[in-house]
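Step one of this worksheet: look at the structure below.
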Amino acid sequence: MAETRALTTRAADFSAWYNELIARAQLADYSPVRGCMVIRPNGYAIWEEMQRALDQMFKDTGHQNAYFPLFIPQSFLSREAEHVEGFAPETAVVTHGGGKELEEPLVVRPTSETIIYAMYAKWIQSYRDLPLLINQWANVVRWEMRTRLFLRTTEFLWQEGHTAHATEAEAEEETRKMLGVYRTFMEEWMAMPVVTGRKTDSERFAGALRTYSCEAMMQDNKALQAGTSHNLGQNFARAFEVTFQTAAGGLDHVWNTSWGVSTRLVGALIMTHGDDAGLVCPPRLAQYQVVVVPIYKSDEERARVMETCDRLKRELSAARIRVHVDAREGTKPGAKYYEWEGRGVPLRLELGPRDVAAGSVMLARRTGGKKEPLPMEGLVATLESAMERMHTELLEASRARREAHSIRGVTKPQFIEFIEGDGGFAYGGFCGSGDCEAEIKEQTKATIRVLPDEEFRSLVAPTTCMWCGTPSVAEAVWSRAY
RNA sequence: CGGGGUGUGGCGCAGUCCGGUAGCGCGCCUGCUUUGGGAGCAGGAGGUCCCGGGUUCGAAUCCCGGCGCCCCGACCA
């Protein structure tokens with residue numbers, strides 16, 4: 001019986017494990033519409049915590065939220081040549097409304113640059129209107145061929161920041177700043193280490209000058225692009241005639257940026273920290289940080305135990321710890337333990353008559369270490385520090401795992417062996433040729449995830465392309481990716 | 001779109017070869033006994049057997065045609 005209740009292990013079949021975990025923890029479900037997903041309350045709660053943290057970070061960096069419409073006139077998409085080429089194949093188009101054929105078809109937004117910059121053209125007249133720093137939380141639709149819960153679905157939730165600046169330098173600074181915000185969020189909230197850097201032209205956002213991204217390594221050693229930030233230059237400003245009067249009295253096009261993260265982050269969280277028992281949710285993003293499981297036999301014991309549980313709940317809530325008392329009757333404590341472990345709750349408190357009598361409570365951590373009895377005195381501080389430590393340990397363990405599956409200064413034969421083997425991040429010299437990049441992808445299915453930022457680069461800079469041997473123009477990180 | 005698999009109570013499956021009107025485990029409901037790592041017993045609810053045709057006295061089962069979903073590949077946050 002025990003076997004049938006266990007998840008497929010990560011080692012046995014990583015993607016089966018992923019799907020089963022999502023079902024078990026009730027994070028999401030398949031919808032009647034192909035490729036779409038229903039985000040269930042347990043999954044949505046994680047997204048809400050992510051939103052809360054990110055939204056605050058956006059506001060702290062001077063951005064305001066707004067909302068732009070779902071429908072975009074088809075002609076808007078075509079205004080920027082590279083943009084339409086990139087997105088046209090994956091758009092859903094509305095041709096009828098109110099029972100009549102529309103004069104102009106409406107595209108369901110795959111991203112909102114076009115409609116937003118059309119509006120910016122109206123709102124921006126002078127350099128005094130800049131910078132314009134706006135974010136929106138929205139759903140978008142991309143008609144993907146193959147979908148996976150959270151990682152790639154036809155419709156997904158995200159935020160997209162869209163800013164306009166007076167100079168190229170300011171736009172570049174914003175692009176980099178928001179990449180940094182994402183990185184901070186991923187490390188400090190998700191406990192997920194990332195490598196940041198620039199995308200090559202082949203992976204660049206359609207219509208952007210430069211694209212930067214945060215790349216994380218999942219437990220199957222594949223890379224996941226977790227967030228992107230684009231310097232759009234004046235490409236969209238020209239297409240939509242977003243101009244402003246400069247202080248000197250001239251007329252110039254604005255410089256734009258856009259940046260986004262999506263519900264894909266929930267998938268990233270699962271594949272970064274989950275284990276064979278289920279989800280492991282970093283404390284800062286957990287819906288419930290602490291679950292209390294009462295234990296009792298008689299009604300009399302129950303009354304005593306529940307009274308203490310209620311008191312615990314009040315105390316922890318007052319300290320802003322998100323706590324839930326699992327008071328369900330008829331479910332044995334052991335069954336509750338398995339359930340909450342599967343759902344990733346960081347800390348569990350078990351409270352029975354013996355604990356009540358002793359003035360203590362049993363603590364079980366989702367990761368690392370055995371159960372231990374704790375005195376009720378000073379419990380809040382103990383739990384807070386346990387969560388802090390857990391966060392740090394998750395981050396460090398993920399970083400260590402990533403480094404253990406990274407190889408630097410690769411030669412071509414090493415690279416092939418590495419990618420064909422367990423995989424991971426391969427650092428090596430890159431000649432800068434798109435043809436070379438394409439050939440590598442063709443032969444190994446590995447792509448350049450990023451040209452890493454300085455702090456991630458190898459101590460010894462490569463001098464030749466690891467594939468073709470010609471002089472290297474940059475160090476690159478290759479990996480197979482989601 | 002190519003390859004593979006699969007559609008039978010909420011979930012996982014058996015039954016299909018060899019037609020006879022549907023069963024098992026888990027879950028769910030009620031009651032009693034239980035409760036410190038996935039409870040036991042008793043009773044009970046729940047199914048257009050993916051859809052549409054055909055063959056047959058009779059189809060989950062045989063024949064024809066559709067469709068859905070999952071996994072693996074080519075594209076992507």
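Shown for residues 295-305 of chain A: residues whose heavy atoms fall under 4.0 angstrom of RNA chain B, namely A/Ile295, A/Tyr296, A/Lys297. Interface residues of residues 171-195 of chain A facing RNA chain B, ordered by number: none; criterion, heavy-atom separation under 4.0 Å.
Using atom P as the reference point in both B/rG4 and B/rG37, the two lie 50 Å apart (nearest Å). Across the P atoms, B/rG40 and B/rA22 are found 30 Å apart, a figure rounded to whole Å. Rounded to the nearest Å, the gap between the P atom of B/rU55 and that of B/rU16 is 25 Å.
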Which donor-acceptor pairs under 3.5 Å do side chains of residues 38-47 of chain A form with protein atoms, sequence neighbours excluded?
unit_1, atom_1, unit_2, atom_2, d
A/Asn42, OD1, A/Arg343, NH2, 3.0
A/Asn42, ND2, A/Ala25, O, 3.0

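Judged by distance alone with a 3.5 Å cut-off, no donor-acceptor contact links the side chain of A/Lys371 to the base of B/rG36. Side chain A/Glu341 to base B/rG37: a donor-acceptor pair is found below 3.5 Å.
For B/rG38, the base is stacked against the aromatic ring of A/Tyr338, per a cut-off of 5.5 Å between centres and 30° between planes.
Classified by interplanar angle (parallel below 30°, tilted 30° to 60°, perpendicular above 60°), the ring pair A/Phe68/A/Tyr120 is perpendicular. Ring-plane geometry between A/Phe236 and A/Tyr117 is classed as tilted, the angle between the planes lying from 30 to 60 degrees on a 0 to 90 degree scale.
A/Gly260 comes within 4.0 angstrom of nothing in the nucleic acid, heavy atoms only.
Within the shown strands, nothing qualifies as a pairing partner of B/rG47 under the Watson-Crick or G-U definition with both distances less than 3.5 Å.
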